[in-house]
Amino acid sequence: MSAPLNISRRTFLKATALVAGGLVIAFAIPQAKRFLMPGADKASASQDASKLPAPNAFLRIGTDNTITVMLAHSEMGQGIWTTLPMLIAEELDADWSTIKVEHASAAPEYAHTAYGIQITGGSSTTWSEFDRYRQAGALTRALLISAAAEKLGVAADTLRTENGFVVSDSEKISFGDLAETAATLATPTSVTLKDPKDWKIIGKSTKRLDGPEKINGTAKFGQDVQFEGLKTAMVARSPVFGGKVKSFDATASKQLKGVQNVVQVPTGVAVIADNYWAAKQGRDALKIEWDLGDNARLDSKKMLEEYRALAATAGLPAAKAGDTQAALAKATTVVEAEYVAPYLAHSPMEPLNCAVKISDDGCEIWTGTQMQTTDQGAAAKILGLKPEQVKIHTLFLGGGFGRRANPAADFVSEAVQVAKAAGVPVKTVWTREDDVKGGYYRPMYLHKAKIALGEDGMPTAWEHTEVGQSIMVGTPFESVMIKDGVDATSVEGVADSPYLKHIPNYQVNLHTVKATIPVLWWRSVGHSHSAFAMESLIDELAHAAKQDPLEYRRALLKDHPRHLAALNLAAEKADWGKPLAKGVSRGIAVHESFGSFVTQVAEVSVDKGEVKVHRIVTAIDCGLAVNPDSLKAQMESSISFGLGAALFSEITFSEGQVQQSNFHDYQVLRMKDMPKVEVYIVQSTEKMGGVGEPGLPPVAPAVTNAIFAATGKRIRNLPIGSQLA
Amino acid sequence: MITLNINGKEEQLDAPDDMPILWALRDVMQLTGTKFGCGMAQCGACTVHLDGQAIRSCVTPVSVAAGKKITTIEAMQDDKVGKAVQAAWQEIDVVQCGYCQSGQIMAATALLATNQAPTDADIDAAMSGNICRCGTYPRIRAAIHAAATKLA
Ligand code: FES
Ligand code: FES
């Protein structure tokens with residue numbers, strides 16, 4: 001058996017009675033090991049568990065036997081609506097069919113156990129809640145057993161739990177029947193978690209609990225929020241980032257049927273209407289004169305030229321060993337290359353939206369958000385309220401991919417401004433064009449490398465310079481994430497690359513460009529471009545050394561067992577080295593991100609300049625796979641997202657304006673482009689990592705390495721687009 | 001006022017002639033199962049059936065639907081093919097964020113209503129207008145094949 005865990009000190013759980021009858025297990029104080037947000041720890045330090053209102057619970061057992069699990073994180077497709085309840089149900093021995101799930105409200109009690117604020121991101125939900133949710137289940141189980149012992153007049157150690165019941169040799173009582181008694185008992189200060197060999201739910205593929213409502217159209221997204229008196233708002237924003245309204249004429253707009261009001265807000269001009277269609281027509285009829293500001297000459301082609309010039313200069317050091325310059329000067333074989341990844345929009349399927357209702361003593365917000373704490377704080381600041389006066393209702397997110405976790409709280413702040421200016425409850429909706437043109441992109445990055453190879457073909461010196469915008473600068477995370485001028489997310493996957501660790505001389509430099517294009521984390525963050533550069537470069541080196549790309553990686557990664565395990569499993573399943581159908585070639589890439597290790601082998605053919613990706617075989621070591629089928633779904637998802645970006649997607653600027661607008665010119669992956677995907681999970685007891693993002697970084701290089709194998713052409717700029725035509 | 005037949009019922013709607021069916025369903029009828037993704041027939045999130053044919057409701061004005069039958073995701077459980085498609089979706093655990101899935105199911109149902117045994121190429125042709133940013137494509141494909149088998 002596992003050692004008992006001291007609950008009160010580690011997770012601050014507390015049992016109390018539910019107002020409507022039943023048992024509620026509430027948070028008292030967030031367990032925050034490290035705080036990314038200065039001051040986040042102070043917010044709730046004085047909270048007394050006994051005074052907590054029931055909404056701050058994360059587990060409720062009703063007298064009707066329903067078990068409601070409150071999610072401290074947001075469901076955006078990644079499957080935590082199922083995975084987190086699995087953790088509780090396992091320890092509780094709950095009847096899975098009685099589990100219901102709700103998004104928690106926004107409150108300090110729901111802060112991320114590692115990041116200190118309420119956030120869903122960094123592929124961290126399952127590992128960061130693995131202890132807290134299991135402990136909640138175990139503690140609840142202990143209380144229910146005590147309650148049964150009291151009722152039956154027997155010793156607790158003669159009782160066991162089974163599928164929603166406490167069971168003795170002769171009797172069984174349902175959890176619901178014990179809930180009220182359990183709520184009156186003292187909360188245990190320590191519980192023992194199950195030995196993994198006794199797990200019945202954890203590690204078993206479990207169907208999604210949100211499946212049925214997402215299949216019959218009843219699942220509610222932010223876009224679906226409707227209530228009496230709620231108006232629809234659409235904001236006309238500057239065509240150039242940072243532009244301001246000089247003047248506007250709303251006469252034509254206001255004459256349209258269904259248009260109620262037109263108000264100016266900090267981000268532009270908002271049309272308030274009875275419905276989306278009227279709001280859209282009202283916005284189209286606005287005449288606005290803009291002061292476009294300094295960005296009016298922005299041009300991404302010119303920016304790239306500037307990046308190139310910068311890359312020829314030193315930059316700030318991000319990692320360093322030996323004497324790279326001297327080693328390069330002496331080398332007989334030097335490989336030099338430049339890789340470029342473009343700006344990218346997240347374009348979640350559900351365009352952004354946010355409903356706001358302001359009352360005398362507070363504000364209610366309905367939206368799909370990944371970052372409740374900053375949204376709540378931003379709304380409170382605008383309205384002169386305390387954060388706790390802002391109630392956030394998190395709905396299902398129609399995709400997030402990072403776009404709905406914005407430290408600047410852009411779409412929430414704007415909606416609050418609109419509601420404030422309009423004086424009525426409004427739901428601010430974005431069109432797809434607004435989404436594509438609205439900024440907060442994955443920044444464009446240029447990687448330039450100069451690598452010396454020794455006699456044996458192995459690298460002896462590696463100079464690597466990156467140029468791009470920082471996503472952390474100016475955010476509350478700046479103080480933690482930017483050290484000595486280097487944003488860790490700009491160089492992740494390079495500065496900490498396992499390849500560099502065994503090279504005597506290396507130097508990673510960073511130029512952080514001060515651009516005014518709003519940028520943000522995009523699924524897999526810095527790894528989304530660094531893996532493309534690193535895994536392409538390794539492929540270039542293998543070819544320069546006339547070695548097999550798999551064997552070359554194996555040799556370089558020989559002291560990295562988790563990389564190797566993923567590499568070997570994928571290579572074996574993909575039949576690496578065995579012949580393929582005529583015209584089809586293989587490429588391979590391996591990359592660690594978010595604590596997980598992923599290899600992909602892509603099978604690709606190129607016909608008349610058209611790239612066809614036939615099959616991707618992938619292997620992941622993420623430690624324990626709590627819900628293996630959900631993990632597989634995330635790998636399929638990451639591959640689709642990353643492949644679409646690699647093949648088609650890019651955001652460009654000309655004369656200050658974004659040149660793309662909708663899915664016809666900001667292209668993403670479609671059914672016809674989706675390869676067969678095979679996912680293999682390394683059986684692992686190593687430290688848990690994430691699964692929502694790590695499947696993305698290897699896709700682009702696996703495919704472009706396969707293109708090289710097929711055609712001899714090295715793709716060094718994304719997207720692949722028509723470069724092979 | 002316009003009269004529309006929605007999911008088998010005649011409904012009177014206060015909607016201008018040029019209002020797309022999507023917004024008449026969502027904002028006037030509060031039938032929010034049909035989703036908005038692009039507004040220009042690029043993503044398929046808004047797919048409904050008009051006399052059994054899959055159409056993009058975001059670009060089809062209500063005037064076009066007069067005298068015809070609109071069927072939405074909300075009525076799929078009463079449709080033999082739609083029900084089988086939904087069952088296959090559940091069996092294969094297709095959904096992720098779920099936002100595109102009403103449109104996917106409507107498109108798949110329209111496909112299976114006219115093609116009882118679609119090949120992969122048929123699925124590519126019929127389903128490539130429906131974007132899924134979560135990349136549920138492999139499961140959608142598998143679920144369409146599974147539903148076809150069940151219906152055969
Ligand atoms: S919303 Fe109609 S096709 Fe995209
Ligand atoms: S399930 Fe999220 S867009 Fe398809």
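What you see below is based on every heavy atom in this structure, not just the backbone, and it leaves out hydrogens, waters and symmetry mates.
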Subject >> Rounded distance (nearest 0.5 Å) linking atom CG of L22(B) with atom OG of S57(B) >> reply: 4.0 Å

Original post:
Just wondering, are more than 12 heavy atoms of other shown residues or ligands nearer than 6.0 Å to CD in E91(B)?
Top reply: no

Original post:
Non-hydrogen atoms of chain B under 4.5 Å away: do they reach the side chain of A219(A), the backbone, both or neither?
Top reply: backbone

Original post:
Where does E433(A) contact chain B at under 4.5 Å (heavy atoms): side chain, backbone, both or neither?
Top reply: side chain

Subject >> Close side-chain approach of V48(B) to I55(B), heavy-atom, < 4.5 Å >> reply: yes

**OP:** Please name all residues satisfying side chain to side chain donor-acceptor pair (under 3.5 Å) with Q96(B), sequence neighbours left out, ordered by chain then number.
**Re:** Q634(A), S637(A)

**OP:** Quickly, which of T71(B), I73(B), V81(B) forms a side-chain contact (heavy atoms from CB on, under 4.5 Å) with T109(B)? Name it, please.
**Re:** V81(B)

**OP:** Flag the pair F641(A) / V668(A) as yes when at least one side-chain heavy-atom distance between them is below 4.5 Å, and no otherwise.
**Re:** no

Subject >> Side chain / backbone / both / neither for D435(A) at chain B, heavy atoms under 4.5 Å >> reply: neither

Original post:
So what's closer than 4.5 Å to chain B heavy atoms on E636(A): side chain, backbone, both or neither?
Top reply: both

**OP:** Please look at S128(B) and chain A and tell me whether the side chain, the backbone, both or neither of the residue comes under 4.5 angstrom of a heavy atom of that chain.
**Re:** both

**OP:** Kindly compute the distance separating CG (L647(A)) from CG (L669(A)), expressed to the nearest 0.5 Å.
**Re:** 6.5 Å

Subject >> Nearest-0.5 Å distance, CG of residue L209(A) to OG1 of residue T82(A) >> reply: 4.5 Å

Subject >> Residues of residues 26-37 of chain B near chain A, each having a heavy atom less than 4.5 Å away >> reply: R26(B), D27(B), Q30(B), T32(B), G33(B), K35(B), F36(B), G37(B)

Original post:
Is it the side chain or the backbone of S205(A) that comes within 4.5 Å of chain B heavy atoms, both, or neither?
Top reply: neither

Original post:
Can you tell me if NZ on K220(A) sees more than 12 non-hydrogen neighbours from other groups inside 6.0 Å?
Top reply: yes

**OP:** May I ask you to name which of Q104(B), Q42(B), M76(B), Q77(B) has the most heavy-atom pairs under 4.5 Å with chain A?
**Re:** Q42(B)

Original post:
Heavy-atom distance under 4.5 Å between the side chains of S528(A) and L696(A), does that happen here?
Top reply: yes

Original post:
What option among G211(A), P348(A), G79(A), P351(A) has the most heavy-atom pairs under 4.5 Å with chain B?
Top reply: P351(A)

Original post:
Quick one: does T394(A)'s side chain get under 4.5 Å of T369(A)'s, heavy atoms only?
Top reply: yes

Subject >> Among the listed options R523(A), M674(A), K207(A), the residue most often paired with chain B at heavy-atom distances under 4.5 Å >> reply: K207(A)

Subject >> Proximity breakdown for S638(A) and chain B, heavy-atom pairs closer than 4.5 Å >> reply: neither

Original post:
Quick one: what part of K280(A) sits under 4.5 Å from any heavy atom of chain B, side chain, backbone, both or neither?
Top reply: neither

Subject >> Residues that F221(A) engages under ring-ring contact (aromatic ring centres under 6.0 Å, His included), provided they are two or more places apart >> reply: Y99(B)

Subject >> Interface residue of largest heavy-atom contact number with chain A, from D124(B), D93(B), T72(B), under 4.5 Å >> reply: D93(B)

Subject >> Under 4.5 Å from a heavy atom of chain A, the part of I131(B) involved >> reply: both

Original post:
Among M40(B), M127(B), R139(B), who wins on heavy-atom pairs under 4.5 Å with chain A?
Top reply: R139(B)

Original post:
Out of G129(B), P20(B), A24(B), C43(B), which one racks up the most heavy-atom pairs below 4.5 Å with chain A?
Top reply: P20(B)

Original post:
What distance do T618(A) atom OG1 and M635(A) atom CE have between them, rounded to the nearest 0.5 Å?
Top reply: 3.5 Å

Original post:
Tell me, side chain or backbone of L397(A) under 4.5 Å from chain B's heavy atoms, or both, or neither?
Top reply: backbone

**OP:** Flag the pair Q600(A) / I620(A) as yes when at least one side-chain heavy-atom distance between them is below 4.5 Å, and no otherwise.
**Re:** no

**OP:** Taking the side chain as every heavy atom from C-beta outward, state whether I123(B) and H145(B) have any pair of such atoms under 4.5 Å apart.
**Re:** yes

**OP:** Heavy-atom distances under 4.5 Å only: say whether Q281(A) touches chain B with side chain, backbone, both or neither.
**Re:** side chain

**OP:** Go through C134(B), P138(B), S102(B) and name the one with the most non-hydrogen pairs under 4.5 angstrom from chain A.
**Re:** C134(B)

Subject >> Side chain / backbone / both / neither for Q86(B) at chain A, heavy atoms under 4.5 Å >> reply: both

**OP:** Output all residues satisfying ring-ring contact (aromatic ring centres under 6.0 Å, His included) with H49(B), sequence neighbours left out; order by chain, then residue number.
**Re:** none

**OP:** Please look at W23(B) and chain A and tell me whether the side chain, the backbone, both or neither of the residue comes under 4.5 angstrom of a heavy atom of that chain.
**Re:** side chain

**OP:** Rounded to the nearest 0.5 Å, what's the gap from CD on E75(A) to NE2 on H103(A)? Could you check?
**Re:** 6.5 Å

Subject >> Closest-packed option against chain B by number of heavy-atom pairs under 4.5 Å, given G77(A), P675(A), G399(A) >> reply: G77(A)

Original post:
Checking heavy atoms, do the side chain of M19(B), its backbone, both or neither come under 4.5 Å from chain A?
Top reply: both

**OP:** Using a 4.5 Å cut-off on heavy atoms from C-beta on, say whether the side chain of Y276(A) contacts that of T431(A).
**Re:** yes

**OP:** Count the heavy-atom pairs under 4.5 Å between each of Q90(B), R141(B), Q101(B) and chain A, then report the option with the highest count.
**Re:** Q90(B)

Subject >> Heavy-atom proximity to chain B below 4.5 Å, by part of M76(A) >> reply: backbone

**OP:** Heavy atoms only, distances under 4.5 angstrom: which of R208(A), K676(A), Q226(A), K257(A) has the most pairs with chain B? Name it, please.
**Re:** R208(A)

